[in-house]
Structure formats: C-alpha cells, structure tokens
Amino acid sequence: MDLPEFAMFFQPTIIIFGKGVASDFSNELSELKIARPFIVADKVIRELGLLDYVLKGLTSGGFEIAGIFDEVPQDSSTSVVVKIAKAFTETNADAFVAIGGGSVIDSAKGANIIAKMGGDLVKDYSGSGILTKHLFPLVVIPTTAGTGSEVTNAAVIYDEESKTKLEFIDRFITPDLAVLDPNMTKTLPPKVTAFSGIDALTHAIEAFVDIDATTFSDMFAKEAISIITSHLENACKNGDDLEERGWMSIGATLAGIAFSHSECGIVHGIAHALGAVNRVPHGIANAIILTYGMEYNLEARPEKFDELSKILGVYDKHLSILENGKRAIEKIKEFEERVSKVSGLPLKLRDVGVKKEDFALIKEKALQDGTVIYNPREVTGDGVLEILNEAF
Ligand SMILES: [Fe+2]
C-alpha cells in the first residue's frame, strides 16, 4: 500500500458493547451531563418491548424522561423530522436518545439539527460541513446491525418535496454515545437481519475500494468484512443466538467507522436512487447492486480486490491480481446467495417492483447522488444502466 498523502481519523463516539447494556448505561449518560433525555423510536420498537427495556434502565438510573416520539415510519422523511424537533423543543429536554434502525437514528440526527439551530432542514442544512457548533447530546441504541449510523457523521433523509433522499454530512451530527446490546437485535426477522447486514457489508467494501480510503479506514473495513461474512448467515438462521447477534452489531459499527472515514460509492448511489424512485428498502437495494458495482470497479482498483480475496480466504498466489479480484467478487456472490436462501432476501430488481421503464429516472438520480464522486471509477450514465440491466 502507498503511504497516504493525507489521512485523518476522528471518532468522537463513545461505544459501549455488552449483553444488557441497553438497560444499564446510566454512568455514560451522567458523564455526558444528560438529565432529561427525549426518546425517539418507532411503534415496532414499542410493541417488541425494546422501548420498555431501555426505559426501565433509564428510570431506575434516576433519569427523567422528557418525552417520547415513537411514530417514526420505516422510511422517514423531512416532515417527520420537523415533528420530532418540535416535540423535543416543547419538552425542554436536554438530549436525544434514538432507539431503532437507520430511519429512527437519522431522523433523530435531523431533528437535532433543527432543535439546536432552527431554520429549514432542507434549504439551510442539506449537504456537507454546514454546521458550525455542537448540537444536543445524541445517544443511539441500534436495533438493527446495518446502517452504522450510531457512529457516522451522516444522515440520509427522504425529502417529500424533491422526492429525493438528501444527505446531511457533518461531524456535529455524529452520536456522542453508541450502545450496542445484542438483546436489541435478537427479534429482527431473518430478512431484515439479512438486508441490514448486507448494507453493513456494502459500507465496508465500498469504504475499502473508494478513492478516499486510507490505512485508518481500511483497518476498520477489513475487520468488518471478515466479521460480517463469518456471522451474518448464522444470525439469519439463529436469530436468538446472542453471540452471532453481538458479532453482527460490532461488524456493522466497524463498517460505519470505515465508511465515515472513507465514503460509499456507486452501489450506494444507485441504492439511494432505487429508494427514492421505487422505495426499495436501502439494504435490499444494496444487496441487489453490490456485486455488479464491484465488477464495475474491479479494474479501477485491482490491488484492493486482490486484498479482498485474502480477507475472504479465496486468494491463490498462482493467479494474477485481477483474477484474485474476480474470485473475491464471486465469493461475495456465493455469500449473498447463501444469505438469501436462509432469509428470503431478494437479489434481483424485478423481484422488488422495479420496472425497466424506471431506469432512466434511477440513472438520473444516481448520477446526482453525493456518494458517486468517491467511486474509484468514474460513474457514467451508461455504467449505471449497465449495472441496472445486469441486476434486473
Ligand atoms: Fe448504507
């Protein structure tokens, strides 16, 4: 590997991991000077008893719950974020505690921006590096192992007006505390486990091959790829196995650190477009596009794909760099098929309601997506269409 010309590592999130920590993290809250947390969650989290599990710990730790917003939909949007911010402000709370998957966490990040800064979320803050000061403390308790949002400086929120998924990238929205408890993910159905896990794997692989990858991000990406490919299939098969769940939580968090220090690329660019145009769930879109995106990038960074073959245990010293890279992609294909078999994860666009006549709009949105500029190979309209056709 070449010595980087420039590299930066910044991870302000305190991460705690353990079976049971989601109902016992009072010490960390006190250290953050939090007294009146406001909870953001969704109905499913409440129905599964996960909200009560966390609330019990908070109340027995002497914290006063300032308010609860548990109506975040599966695919949140800017109007929901505005509602959360308003509810937060009315309760005089001093911190956000987000309990849920990517939609809940990213909504809390967006609400934190408006609650602290005021103004219009889309007009004033969408984009990168716009915020100028610290927000309210944000604690995140993920209930999926996938988005990595518990440690990232990014939020992706659907804007109803432009019908686009907008990115908010800023170091001030990075959570202050991430609480990783395998008990919080054990009730996830196999299919959700699968697509969340493949989302995390996509973060790690894209972070690993992107133009912004450094030795710091690689360290996290490589470990995440190794952990996720070793544990996702079993986590789908044996949902209540806390060992498998625990490893997946750690893998997804490491992948989150990796891509927030590198970036995502063409796979996420197309996945965001599929989310906006066809409302394909993010992880499913990534699962469908991942290996075609890897094939698109292979010749741009063959040495990275060669290294990937070592991580995945398919490296053959008699083969060329390019051939080993192809073996790595084949291994990921096989892995996805195994995961699909035990979870029902769809791996083709035609199986998730996408039509060929949607391709032109998907292409247009993918080319506008902020992630594609970090892709190791220039992303062209023809390239996107080629991938969509292969993935159909
Ligand atoms: Fe993602």
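From a predicted model like this one, the values you see are computed outputs, not experimental measurements. Just follow the structure's listing: the first ligand is 1, and inside any ligand the first atom is 1.
The Fe ion (ligand 1) sits nearest to atom NE2 when only the N, O or S atoms of H282 are considered. Closest to the Fe ion (ligand 1) among the N, O or S atoms of D199 is OD1.
Going from atom CD of E244 over to atom OG1 of T193 covers 11.5 Å, rounded to the nearest 0.5 Å. To the nearest 0.5 Å, the span separating NZ on K83 from OG on S76 amounts to 9.5 Å. Annotation: the span from L50 atom CG to I141 atom CD1 amounts to 10.0 Å, rounded to 0.5 Å. The structure places NZ of K222 at 4.5 Å from CD of E307, a figure rounded to the nearest 0.5 Å.
Because the distance cut-off is set at 2.8 Å, H203 qualifies as a neighbour of the Fe ion (ligand 1) through one of its N, O or S atoms.
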